[in-house]
Every structure is written in C-alpha cells, then in structure tokens.
Amino acid sequence: MNAIAPLSRRGFLISAAAAGAAMSFSVAPDEAAAAGGYEPTIWYSIGRDGTVTVNVIRAEMGQHVGTALARIVADELEADWSKVRINHVDTAAKWGLMVTGGSWSVWQSYPLMSQAGAAGRMVLIEEGARLMGVDPKACTARNSMVSGGGKSISYGDIVARGNPSRSFTADELGKLPIKKAADRRLIGKASPQLDIAAKVDGSGKYGLDAKIEGMVYARPKIPPTRNGSKVVSVDDSAAKAVPGYRQHLVLDDPSGTVPGWVLVIADSFVAANAAADLVKVQWAAGETVKTSEADVQKRAATLIADPKAGSLVVEDPGVDAAFAAAKSKIERTYTTASALHFQMEPVNALAVVKDGIYEIHTGNQWQSLVLPWLSKALGLPEDKIVLKTYLLGGGFGRRLNGDYAVPAALAAKALNRPVKVVFTRADDSQFDSFRSPSVQVVKMAFGDGGRVTAMDHAACAGWPTEIMAPFFMPKGANGVPFDPFAINGANHWYSVGAQRVRAVSNDLANKTFRPGWLRSVGPGWTNWAVESFMDEAAYAAGKDPLAFRLALLDGTGRNAGSAPNAVGGAKRQAAVLQRLAKKAGWGQPLPKGAGLGIATTFGQERDMPTWIACAARVKVDPASGAVKVEKLTLVADAGTIVSPQGALAQMEGAALWGMSLALFEGTEIENGNVRDTNLDGYTPLRMADVPDLDIEFVESAEVPVGLGEPATTVVGPAIGNAIFAAIGARVRHLPIRPEAVLAALKTKA
C-alpha cells in the first residue's frame, strides 16, 4: 500500500501495548504482599493458595475472550488450569487502551501475555529454588509446581513462604523467550471455558442486572433525527396517571452525543416504559429529517463519479494508462443496505456518583473511546469517571460506540441520584449506530490472453471512525485521511497489475445517522464487491473462477507477506483456497437448480491477515426466487489457534452472521431514521435456515490472528456466486431478496 500516516492504526496499537508493557512490572513487591499474594505484572496475580487470577481488559460477549487470554498466560506460567481465574477489570489509566473489536484481542495480547507468563515462571523458579536450597538451573516448572534436586514446591507455597520480588524493564520483558509450539501444554488444547459456569448458574452479571440502592429508571424519547434535533415542548400530563412516574428530563449535553433527548423518569422500568409512551414531545428536527436510503445511495454514486473525491488508499502508477491500453474491460457496481446490530441485550447504563467519582455500570466494548465523551458531557476530568465492567448480552460492534452511557451520566448529575437508562428494542434500533449503506464501483482491465493489467475499486459509505475516532485515521497517498474500517478488504492480496483503491466518505450518511462498526465492519461490504467481482471477471476472461483466483494469488510484490503477522502472504491464502476447493468438491456436477460458489479473503486487515475461504452450496427456486443455503464449507488459516472451542464457536457464529446479512438482514432509512425497529420487520437468520457447516483450521505455528469476524466476510459473496452457478443470474445487492433473484433472472433472459 502506498498509504502514509504519521501514526498508523497498527502503530497506535503497538504504542498502547508498549505502554502497558512498560507499566506491567511496576507493582512493588510490598504492595503485592500487602494484598496477600504476588503480582509479577499488572496482568495477573498469584494467591497464597496458588490461585492465578488473570486481569482481562477485553469485554466478554460470548466469545470466551477471558479464557483465551488466561490460557496464554497460564501456558507460559506453567499454571495448573484448574487454579486459573479471570477478572474483567474496570477502567483505569494503567490498563492503557481498552477496546474489544476488530478481532484484535488475542492477536494484540498474545506477545504481552506470553512474556508476562514467562517472566512469572522465571521468578517462581528462582524463588522456589531458593526455598528448596537447590540450583535454579536444575529446576523446572509444571502444573503450578517447581521441581528440582528431588524436591518440589507449589506456587502457592512459594508466594506464602517466600519473597518473589524480581522486576523487569520493558526491554527485558520484550526479550524474554517464549515456548516453541511443540512445548505448549494449554494453547491449542481443549480445556474448560472459564466463563461458562457463571453464565449457566446466573452469577454472571450483565448490564441489565446492575442495581444500586435508591436508583430510578429512565427510558428515552428518541428524537426524529440523530443530529440537530431540539426540544420545543414536552407534555407529560397523561404520564402523570402512571403509578411510579416521577418526571421528565430534557438533557443538556455539552458533548453533542444525545442532542434533543428527553428522559422519562420513574421508580421502575415498567412505569418508565408506560409513561414514555404517554409523554408527548415536540421537536424542531434536524436537516436530515426527510432523508431516505435512496438519497444516501444517490449521494454515494455522485461522490464516486468524481475522481477527485476521497482518499487514495492504494495508488499504483499506471492505472489509467493500463485501462486506456486494455484489450477489454469490465465494470460492475455493488451495493449493500443499512444493517442493524440487534444484539439481544438492548443497550443500557446505570450512573451513580460516589465520593465525587462517577461510576458508569454498563457493558462496553471500547471504554477508552467513551471516557472522553463522558468527560466532556459532565465537565469532569477522565480520572473522575470509572466504567464498571459487566458481561455483554451481545456486542457485534454496537457497544464499541458507548454513546448510551452519556444520557445516564447526565441524568445522574441532574437528579443527584443513581439513574438507570434502559432502552426498549425499538429505542435501541432508532438509536443504533448501524452499518451504513454502501455503493462500490469496481473495474478491471485485461491485456493479451486475458491477462489482468489493472484494477480500480472505489467504495463509498458512512465512516464510523471519522465520526467517533478520527485519531484512528491514516492518510492516503493523496494526503487525505481515510477510515480503514470502511475500506479494509479492498486492499486485497491479488496481484492485478496497477491497482487503485479509493475510499470515499458519504457526507450525507454521516449527517443522517452515526455510522457504526458492525461485525466484520468494512470487509462486510468491500469483500462482497471484491469476491463477487472476481467471479464476474473470471467469466469475462473465459476462465474458471478457482483457477482465475489462484493465478492472481501469486505472492509477488507487496503480496509476498512479511513477518511477524503475514508470513507467506498470498501464498497462504492460495493454500487455503486450494484446500477448500478439494474439501467442497469444486468442479463436481450438481443437480439442476443447485450451485456451488466460492470466495476467499484475508479476513479484515492486511497487517493481521486471517486467510479464509468459503464454499456455499445453494439451491434456487426459479419460480419464487427463494434461495436455500444447503451447506457452508470454510477453511481458515489463523496461525496458532489458542482456544480451539472458542475458535470454532467464533467461526460458526461469524459464518451464520454473514449468511444472515447476505439473505435476510437489511433495513432502509426513511425520514431520517431506520424503517425497522423490531424483529417482526427486521428478520435475521432463523434456526430453520441454518445449513450444514463444515469448518476446518489449517494447522499452523504462526502468529495467532483474529477469528471473530473473518468468516463473515466470505459467506455473502460465496452465496452470490453460488446463485449465479445455479441459475446463471447475477445479484449485486445485499441482502439478496427473492424479488432481486427474479429480477436478475429476467435480465438474464
């Protein structure tokens, strides 16, 4: 990529991780002793009974992230897994960047947690040897025991009887050797998930479970536009008949997060819910009150048509010349609809002031992002605000945007008492930071013999990072900042000659709603375009779609890959695709009306690629346009698989999420807001529609990367390509509705 940035996204993460590493050995031994245990680092402690408690800064939303990170520490520490516990921590400056998303958790944490575990093992061996009176070089650690010279001592006894106190500098920590793959005892092995018991027995606490004595409940009245709405008047006369109703509250928000908001306050949520339906609010709406989905998409098409619009994420010399000299060309446009999160636990937050500190009790994926908003809203420094951690009843990117914490904090400040804001499903949908609709135009130039000589890809959508985290935006080759999470995937690993990738921000989308990150983010639409287009380009060139892709995944130039995260580059992606083709039976005859489609990608980000491929087998009814997905086959090379059960669950969930977005999920913007606000109109994948799943992981000792989202990125285009294979009709819009299939058939005819 010819993109240059003063501080790239990866550079920012590395800096944050380094800061955490520098602090991780700053705990003084006497402080740890006072707590009755030993803290080799801030990332975990060892109790006098030998219990290892791993501190986790990542949010738990069903992906078993605590188990995965604890497994990394415990493997290097040589801890007894039955004595390992996890502790999801509240916000504090010492933790550095607190974010759970982008499939980053294991990838980003692996080096730090491994070295932290190795450091603790070294200290315990040294202190254990001293207590036993033997040479440390003769000692080994295994299963929370140090043994040597015919003697042994448990970690608990070392902590209770000894004085483990060695500390490490950040440089020393970074140089510590970690195990070879063959020596791992927990990583990659099956073992109990540490978070399941609390979810089963009810002891696990979600945001909706949070309670504080004396709290009142609030339900919001959502204004007609996300931005620019102002309250003109409030009539709560009818609500006063509801038992438990207290008052309404018009919020004054200096942070601009919830403009035009009214909260309905009551003694219970039942009362707040009933009263909110009776409170009448008159607003002066913002300028986008009449905006529709069609308006947003029309604006995207207009912006793409301007070659000077947007940021040049990839800009090779010779693109225009290659198209001018091409023997043939192909151009296609792909679109996707607005898509909601619809996580099962609607967003909620409880705010209370204790000794001058605001506590915000809520489930959140990006605590470091919402703290500055809360600070501005409350007029307080960030160290006066603490986000208390809870389990998330689903996140999928919705809780990366912690905007729902702001109204609770403002209400607690205004009323001087604990306030719990709870959203109904409809409130949650109207306030959702949903995935922007998108438009993409993809072009390819061919030379002699069908050789690919150039590719041009322009993508336009609302940019969540531009609105919420502009500090995460690098600059393109033309010096214009871009949202990486709205273009990742377009900067693919195919060798296509001269390449251009242009990211365009849809200003109308950004005004109309707050674009959000939804599971797989940009690649959820960019890979829909890339992999649908690769199929179309193959047919245009008269080549088999598998052979066409494999020829372009040659691993040359910038696609060769590099250490530590992308060793092997496109060659590994080709290997995954070849394995998939064999596994799925590519080229074998299928019954009439059935088709097999393939797609492959690198997951989400070039600097942490998860090589993945999918084959979808579908059956299409040409009379109704109905598509039945019979089987999804997926092969992934995610490097080292830390937690096999968690990895499989992630792949299954991501694949079904991708299928849901491909065939079932999608709404439209009407009058400045989303049309569908509940699960009667918005219909995700149902159990009856779940196909057979065949998932395989490539055995690898390479760096562990991400698995929360990659499978989502390949299922949609694989299904679209399978529909074409079945009936010869091409659909270019997600979700794929039966009427679109029928229209494509008619066009074909």
Side-chain angles (χ1 to χ4, degrees), residues 188 190 492-494 520 523 527 530-532 534-535 538 543-555 568-591 594-603 609-620 627-641 644-659 662 689-702 705-707 709-726:
H492 53 69
W493 290 76
Y494 292 111
S520 83
N527 284 320
V530 169
E531 284 302 295
S532 296
M534 283 297 169
D535 243 50
K543 298 181 180 179
D544 172 78
L546 172 65
F548 183 76
R549 286 176 171 86
L550 289 174
L552 299 180
L553 292 171
D554 59 10
K571 292 288 189 181
R572 282 172 70 187
Q573 187 172 347
V576 164
L577 183 57
Q578 288 173 314
R579 174 59 187 153
L580 173 86
K582 182 177 181 181
K583 190 177 180 67
W586 179 260
Q588 295 179 5
L590 291 171
L596 188 69
I598 57 171
T600 179
T601 182
F602 56 97
T610 298
W611 315 107
I612 190 163
C614 174
R617 191 181 73 211
V618 309
K619 190 168 186 179
V620 184
V627 177
K628 173 69 175 177
V629 179
E630 298 179 325
K631 185 175 183 178
L632 295 175
T633 305
L634 295 107
V635 177
D637 179 353
T640 296
I641 302 297
Q645 304 104 308
L648 179 60
Q650 289 278 46
M651 283 279 285
E652 291 170 338
L656 295 179
W657 188 278
M659 178 180 163
D689 299 310
V690 173
D692 290 339
L693 294 175
D694 186 356
I695 296 171
E696 179 180 310
F697 295 101
V698 173
E699 188 172 344
S700 174
E702 297 293 348
V705 282
L707 277 170
E709 297 155 304
T712 298
T713 68
V714 287
V715 172
I719 291 173
N721 295 336
I723 292 170
F724 179 81

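A quick note: this is a predicted structure, and the numbers were derived from the prediction, not measured.
Among all heavy-atom pairs drawn from Leu550 and Gln578, the shortest one is CD2-CG, 3.6 Å. Across all non-hydrogen atoms, the minimal contact from Val629 to Pro691 is O-CB, 3.2 Å. Ser520 and Thr713 get closest at one heavy-atom pair: CB-CG2, 3.7 Å. Residue Pro710 comes nearest to Gly603 through the heavy atom pair CB-CA, 3.7 Å, listed as atom of the first residue, atom of the second, then distance. Closest heavy-atom contact between Gly716 and Ala662: CA-CB, 3.7 Å. Closest of all the heavy-atom pairs between Val705 and Pro609 is CG2-O, 3.4 Å.
Checked by atom type and distance alone, the side chain of Thr633 never pairs as donor or acceptor with a backbone atom of Asp694 at under 3.5 Å. With hydrogens and angles disregarded, a donor-acceptor distance shorter than 3.5 Å links the side chain of Asp544 to the backbone of Ala547.
Between Pro545 and Met534 there is no side-chain heavy-atom pair separated by less than 4.5 Å. Glu531 has its side chain within reach of Arg549: a pair of non-hydrogen atoms, C-beta onward, lies under 4.5 Å apart. Put simply, the side chain of Thr601 reaches to within 4.5 Å of the side chain of Ile612, judged on heavy atoms. Counting heavy atoms from C-beta on, the side chains of Leu634 and Glu696 never come closer than 4.5 Å. Side-chain contact between Leu546 and Ile598: present, with at least one pair of heavy atoms (C-beta onward) separated by less than 4.5 Å. When side chains are defined from C-beta on, Leu580 does not count as touching Thr600, because their heavy atoms never get closer than 4.5 Å. Residues Ile695 and Glu652 form a side-chain contact, since some pair of their non-hydrogen atoms from C-beta on lies under 4.5 Å apart. Annotation: side chain of Leu553 is in contact with side chain of Leu577 (closest heavy-atom distance under 4.5 Å).
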Before giving the answer on side chain to side chain contact (heavy atoms under 4.5 Å, CB included), spell out for Val576 and Val698 the whole-Å C-alpha distance, their side-chain angles and the decisive distance to 0.1 Å. CA-CA 8 Å; Val576 164; Val698 173; 4.2 Å; yes
Show the numbers, then the answer: is there a side chain to side chain contact (heavy atoms under 4.5 Å, CB included) between Leu656 and Leu693? CA-CA 9 Å; Leu656 295 179; Leu693 294 175; 4.3 Å; yes
Starting from the C-alpha separation in whole Å, work towards a yes-or-no answer on side chain to side chain contact (heavy atoms under 4.5 Å, CB included) for Leu707 and Ile641. CA-CA 9 Å; Leu707 277 170; Ile641 302 297; 3.9 Å; yes
May I have the step-by-step check of side chain to side chain contact (heavy atoms under 4.5 Å, CB included) for Ile723 and Val627, ending in yes or no? CA-CA 8 Å; Ile723 292 170; Val627 177; 3.8 Å; yes
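One finds the OG atom of Ser532 at 5.0 Å from the CG atom of Asn721 (value rounded to the nearest 0.5 Å). The CZ atom of Phe697 sits 10.0 Å away from the OG1 atom of Thr610 when rounded to the nearest 0.5 Å.
By the salt bridge (charged side-chain N to carboxylate O under 4.0 Å, His left out) test, Asp637 pairs with Arg572, sequence neighbours left out. With sequence neighbours left out, Glu709 forms a side-chain hydrogen bond (donor to acceptor under 3.5 Å, both in side chains) with Ser103.
No more than 12 heavy atoms of other residues, nucleotides or ligands lie within 6.0 Å of NZ in Lys582, so this atom counts as exposed by the packing criterion.
Under 4.0 Å is where a charged nitrogen must lie from a carboxylate oxygen, and between Arg617 and Glu630 at least one such pair does.
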